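Below is one structure; the comments refer to it alone.
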Protein chains: 2
Amino acid sequence: MFSIGELSKRTKVKVPTIRYYEEMGLLAEAERTSGNQRRYDKTGLERLSFIRHARDLGFSIEAILSLIELQEHPDRSCQGATEIAKSQLTDVRAKIKKLRALEKELVRMSKGCEGDGVSEDCYVLASLADHNLCHREH
Amino acid sequence: MFSIGELSKRTKVKVPTIRYYEEMGLLAEAERTSGNQRRYDKTGLERLSFIRHARDLGFSIEAILSLIELQEHPDRSCQGATEIAKSQLTDVRAKIKKLRALEKELVRMSKGCEGDGVSEDCYVLASLADHNLCHREH
DNA sequence: CTTGAACCTCTAGTCACTAGAGGCATTACA
DNA sequence: TGTAATGCCTCTAGTGACTAGAGGTTCAAG
């Protein structure tokens, strides 16, 4: 049994974030000492590692709640979990696509002024002022 | 001179968002009718288009405030504006990199269970529970 | 047994909006 | 000119996923 600080160190999740996860129902309410401090064991550690890993992969708290529920019903885990992962993948791909368009636009904008440190016709500002100067959608 | 609703239609920025931008100092305080309603002209329209375009490109409100300030000092506009754009570009590239790593991981996870609709050893859940199953950093 | 670090709860702040309540202004039409 | 519909006003509170701080209690080491 170890404290919330120890759990924090082992999982690299900050202490207030652990309490927040508990409040959100991601973590079961921890056992307490007589003095009301939280104590955790291996189970808590594994659960929090799972949560952290899912968050790192961009899953929302809501999605993680679903995944946890699925964990508790192994009979229908796989399909549901795979669906959630695929939906997450779709999101990620959409974001990548959008960011790539932005990247191209920003490269073009940044290059405009290169060299002439001072100018009244800044290309960055001109591009922002007039969307027609953009080469593609974003 | 036109109303906030008209401005909203022309720029595709929602009415409460326009008011929010005014409060944040991105838009100058609009003129008012005798009945206290906001009225805008071409200048307001251009400024809001600029803001919307910058937001679409992912610039923060703070960054936009800087860009607007630079617009008002044409002598030092270009360098400052280009710096802000480049910093934005760096951010965007970092995000893309991270998302690509996530994409690969999610593809791998999603594929694990394909075919066997029901299984106790769901690959998605197993992967989330044990980071060691991941093939690369994220 | 004392000290200091770690813990507790609670409230409020972050960013960039969005939603809703309750009330006044404007406009279109009869 | 009357009235009804629509649009506008301000203000407060909510979103997601935390983070920061105040003010107080408990634990573990020496």
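Throughout, protein chains are lettered first and strands after them, A, B, ... in sequence-line order, and every chain is numbered starting at 1. In this text the structure is predicted, and so the values were computed from the model without any measurement.
Phosphate proximity of D:dC27 to A:R32: absent, as no side-chain N or O sits under 4.0 Å from OP1 or OP2. The side chain of B:S60 contributes no N or O atom lying less than 4.0 Å from OP1 or OP2 of C:dC15. Taking 4.0 angstrom as the limit, B:Y21 places none of its side-chain polar atoms (N or O) nearer than this to OP1 or OP2 of C:dA16.
Residues B:I4 and B:Q37 form no side-chain contact, since every pair of their non-hydrogen atoms from C-beta on lies 4.5 Å or further apart. Contact of the A:Y21 side chain with the A:R55 side chain is registered, since non-hydrogen atoms from C-beta on lie closer than 4.5 Å.
Counting to the nearest Å, the C1' atom of D:dC8 and the CE atom of B:M1 are 15 Å from each other. The CD atom of B:E23 sits 10 Å away from the P atom of D:dT10 (whole-angstrom rounding). Spacing between atom CZ of A:F2 and atom C1' of C:dA6 amounts to 16 Å, rounded to whole angstrom units. If you take CD1 of B:I64 and P of C:dA16, they are 8 Å apart, rounded to a whole angstrom. For B:D56 and C:dA16, the CG to P distance is 14 Å, given to the nearest whole Å. Computed from coordinates, the A:L7 CG to C:dC7 P distance equals 10 Å when rounded to whole Å. Per the geometry, CD1 belonging to A:I18 stands 12 Å off C1' belonging to C:dC7, to the nearest Å. Atom CD1 of B:I4 and atom C1' of C:dT26 are 15 Å apart (whole Å).
Within 6.0 Å of the CD atom in B:E31, the count of heavy atoms belonging to other residues, nucleotides or ligands does not exceed 12.
Nearest nucleotide to the A:T17 side chain, out of D:dC8, D:dT19, C:dA16: D:dT19. Residue A:R38 has its side chain nearest to C:dC8 when only C:dT26, C:dC8, D:dT19 are considered.
Position along DNA chain C of the nearest nucleotide to B:G35 versus A:N36 favours A:N36 as the more 5'-ward residue. Nearest-nucleotide assignment on DNA chain D puts the 5′-proximal partner with A:K14, out of A:K14 and A:T33. Residue A:Y20 is the one, among A:Y20 and A:R39, whose nearest nucleotide of DNA chain D lies closer to the 5' end (criterion: closest heavy atom). Between B:Q37 and B:R55, it is B:R55 whose nearest contact on DNA chain C lies nearer the 5' terminus.
Using a 4.0 Å heavy-atom criterion, one finds that B:F59 contacts no nucleic acid atom at all. Among the atoms of the strands shown, base atoms are found under 4.0 Å from some heavy atom of A:R19.
Because its NZ or CZ atom is both nearer than 6.0 Å to the ring centre of B:F2 and within 45° of the ring axis, B:R10 counts as a cation-pi partner of that residue.
Salt-bridge formation is not detected for the pair B:E23/B:R19: no Lys NZ or Arg NE/NH1/NH2 atom is positioned less than 4.0 Å from an Asp or Glu carboxylate oxygen.
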